[in-house]
K.L.:
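Next up is a structure, given as structure tokens.
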2 protein chains.
Amino acid sequence: MSVATAEPRPAPGLRERKKARTRDALVEAGMRLFVERGYAATTTEEIAAHADVSQRTFFRYFAGKEDVALDVHAGFDETFYEAVLARPPHEPLFAVLRNAALDDWARLDRAQLNTRLDLARILECCPRLRAAQLRYCLEQQQRLVEELARRRGTDPETDLRPRLAVAAFFSARQTAHLLWSRGEEHGPDELGAALRRCLDELVPAVTEP
Amino acid sequence: MSVATAEPRPAPGLRERKKARTRDALVEAGMRLFVERGYAATTTEEIAAHADVSQRTFFRYFAGKEDVALDVHAGFDETFYEAVLARPPHEPLFAVLRNAALDDWARLDRAQLNTRLDLARILECCPRLRAAQLRYCLEQQQRLVEELARRRGTDPETDLRPRLAVAAFFSARQTAHLLWSRGEEHGPDELGAALRRCLDELVPAVTEP
DNA sequence: AAGATTATGGCAGTCGCTGACATTTGGCAA
DNA sequence: TTGCCAAATGTCAGCGACTGCCATAATCTT
């Protein structure tokens with residue numbers, strides 16, 4: 001209610017800032033080690049050591065080793081979700097997702113692109129981590145389903161279309177990422193092309209005679 | 001080439017039969033314990049003990065605790081895959097998957113249905129296991145993609161439609177299973193209805209204006 | 001500056017999982 | 001049957017992920 005409750009933006013206090021720095025340090029150290037020597041070959045103790053904390057503290061910031069990589073993934077999902085919220089209100093179901101994905105892609109800078117590629121490579125060669133990511137995506141889907149249902153004014157438990165559209169969209173987007181990371185070139189244009197191709201071929205793929 | 005090479009069906013020898021029995025015992029013990037006391041609360045040593053083998057032997061049959069549950073899942077996927085192979089050769093992409101799923105469902109007996117429900121319940125309350133299952137499904141998809149591409153006479157790396165159709169199908173089927181296991185009634189009719197509903201709503205969900 | 005909170009470290013312990021080595025068991029031929 | 005080979009199993013030691021417990025140190029409050 002009060003005006004001054006203030007989100008933790010301006011001066012969250014020393015403690016909060018320190019926590020944020022520790023968390024960032026852990027993610028950075030983790031990703032660097034994952035890229036350098038592989039996910040499986042990196043221990044949680046090493047990650048903690050590189051961030052100058054104990055292993056015990058590592059597990060106070062992350063529920064598991066997987067969550068370090070998933071944290072990066074979460075950042076990308078956040079910008080996508082915002083892109084969805086920014087789409088015009090009466091756009092058709094699947095178009096919202098398709099266009100939001102392209103909007104989100106258009107804002108990618110080089111650094112984010114490289115991080116995505118790192119993540120894709122780590123995911124590809126570690127089954128356990130890939131499994132964790134798939135589950136994480138399932139959680140993300142729920143948020144989108146609710147938003148899409150809200151736009152249509154329907155109950156997502158009764159009206160299945162938001163759920164089905166989101167699920168189909170995720171699988172197509174995942175296919176696009178797979179093509180891109182497996183391909184020869186890894187520039188932003190190639191990612192955009194893969195996205196368009198997969199999203200636009202999805203409908204014919206399920207409707208063709 | 002030879003006629004008598006013989007699949008391991010008639011008399012696989014005592015050794016093979018014993019191995020099969022041990023494997024079955026492990027799966028049975030594992031599933032029973034998972035249902036009774038939960039996946040997380042069941043240790044691999046307990047499973048091994050209930051099957052009268054050492055823990056080390058357990059890990060010679062299964063790469064991980066997850067694989068016990070996934071083994072059951074694999075059985076279901078097998079019958080579905082056979083149903084796909086049995087569909088007429090020139091059926092449209094998505095129709096092959098849809099109809100195969102319904103064919104497969106039509107052959108379900110009560111025991112299999114109960115096992116599916118057990119599995120669904122175990123999966124639902126254990127994030128790690130759910131993650132493993134999602135990854136496993138991803139592997140299964142590859143097999144289907146290749147079969148569908150073979151039918152069309154295309155290369156699955158170039159022609160994306162088989163891959164996209166399979167991915168969309170899996171997400172719809174998964175939604176159906178979710179609805180069914182969360183629903184009130186868990187008879188075969190409810191599962192069939194959920195399947196039909198999800199598969200038939202998928203196309204409108206991605207094409208609606 | 002004292003006291004209440006909260007973050008951190010250290011330690012012991014459980015569990016999933018693996019490599020190495022010895023032992024047993026089934027398959028097969030002499 | 002006997003004896004040999006290969007495969008299956010058990011035992012043991014050990015690593016790494018992860019957690020609970022308690023003491024300590026850093027921040028926040030008044």
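Quick note on labels: first sequence line is chain A, next is B, and so on, each numbered from 1.
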K.L.:
Can you name the closest pair of heavy atoms from B/Ile47 and B/Ala29 and give their distance?
P.N.:
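Taking B/Ile47 first and B/Ala29 second, the nearest heavy atoms are O-CB, 4.0 Å.
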
K.L.:
Decide yes or no, distance alone: a donor-acceptor N/O pair under 3.5 angstrom between the base of C/dG26 and the side-chain of B/Arg17.
P.N.:
no

K.L.:
Which nucleotide in the list C/dC15, D/dC18, D/dC21 gets nearest to the side chain of B/Thr43?
P.N.:
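From the listed options, C/dC15 comes nearest.
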
K.L.:
Hey, does the side chain of A/Ser54 come within less than 4.0 Å of C/dT8's phosphate (OP1/OP2), counting only N and O?
P.N.:
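For A/Ser54, the contact criterion (side-chain N or O under 4.0 Å from OP1 or OP2 of C/dT8) is not met.
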
K.L.:
Quickly work out the B/Arg21 CZ to D/dA8 P distance and round it to whole Å.
P.N.:
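Answer to the nearest Å: 15 Å.
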
K.L.:
Mind calculating the distance between CZ (B/Phe59) and P (D/dA8) to the nearest angstrom?
P.N.:
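Rounding to the nearest Å, CZ of B/Phe59 and P of D/dA8 are 19 Å apart.
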
K.L.:
State, to 0.1 Å, how close A/Glu190 and A/His186 come at their nearest heavy-atom pair, and which atoms those are.
P.N.:
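Where A/Glu190 meets A/His186 most closely, the heavy atoms are OE1-C, 4.2 Å.
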
K.L.:
Between D/dG20, C/dT8, D/dT9, which nucleotide has the shortest distance from any of its atoms to the side chain of A/Arg60?
P.N.:
C/dT8

K.L.:
Report yes if at least one side-chain N or O of B/Tyr61 is closer than 4.0 Å to OP1 or OP2 of D/dA8; otherwise report no.
P.N.:
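No.
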
K.L.:
Taking the nucleotide of DNA chain C with the nearest heavy atom to each, does B/Glu66 or B/Glu16 sit closer to the 5' end?
P.N.:
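The residue mapped nearer the 5' terminus is B/Glu66.
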
K.L.:
Is the terminal nitrogen or CZ of B/Arg173 (NZ for Lys, CZ for Arg) located under 6.0 angstrom from the six-membered ring centre of B/Phe80 and within 45° of that ring's axis?
P.N.:
yes

K.L.:
How long is the line joining CG of A/Leu129 and P of D/dG16, in whole Å?
P.N.:
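The answer, rounded to whole Å, is 18 Å.
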
K.L.:
Please compare A/Lys18 and A/Arg128 by the position of their nearest nucleotide in DNA chain C and report the one closer to 5'.
P.N.:
A/Lys18

K.L.:
To the nearest angstrom, how far is A/Phe62 atom CZ from C/dT8 atom P?
P.N.:
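My rounded result for the distance is 12 Å.
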
K.L.:
From CZ of B/Arg56 over to C1' of C/dT23, roughly how many Å is that when rounded to an integer?
P.N.:
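Roughly 15 Å, once rounded to whole Å.
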
K.L.:
Take the protein atom CD of A/Gln55 and the nucleotide atom C1' of C/dT8, then report the distance between them rounded to whole Å.
P.N.:
14 Å

K.L.:
Atom CG of A/Leu26 to atom P of D/dC18: distance rounded to whole Å?
P.N.:
14 Å

K.L.:
Is the NZ or CZ atom of B/Arg98 both under 6.0 Å from the centre of the six-membered ring of B/Phe94 and within 45° of that ring's axis?
P.N.:
no

K.L.:
Which nucleotide in the list C/dT18, C/dT5, D/dA7 gets nearest to the side chain of A/Arg15?
P.N.:
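Closest nucleotide to the A/Arg15 side chain: C/dT5.
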
K.L.:
For a quick test of reading the model: is some side-chain N or O of B/Lys65 closer than 4.0 Å to OP1 or OP2 of C/dC17?
P.N.:
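Checking C/dC17 against B/Lys65, no side-chain N or O comes under 4.0 Å of OP1 or OP2.
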
K.L.:
Looking only at side-chain atoms of B/Lys19, point me to the closest of D/dG10, D/dC18, D/dA8.
P.N.:
D/dA8

K.L.:
Can you measure B/Phe58 atom CZ to C/dC17 atom C1' for me and round it to whole angstrom units?
P.N.:
10 Å

K.L.:
Where does the angle between the aromatic ring planes of B/Phe62 and B/Phe58 fall among parallel (under 30°), tilted (30 to 60°) and perpendicular (over 60°)?
P.N.:
tilted

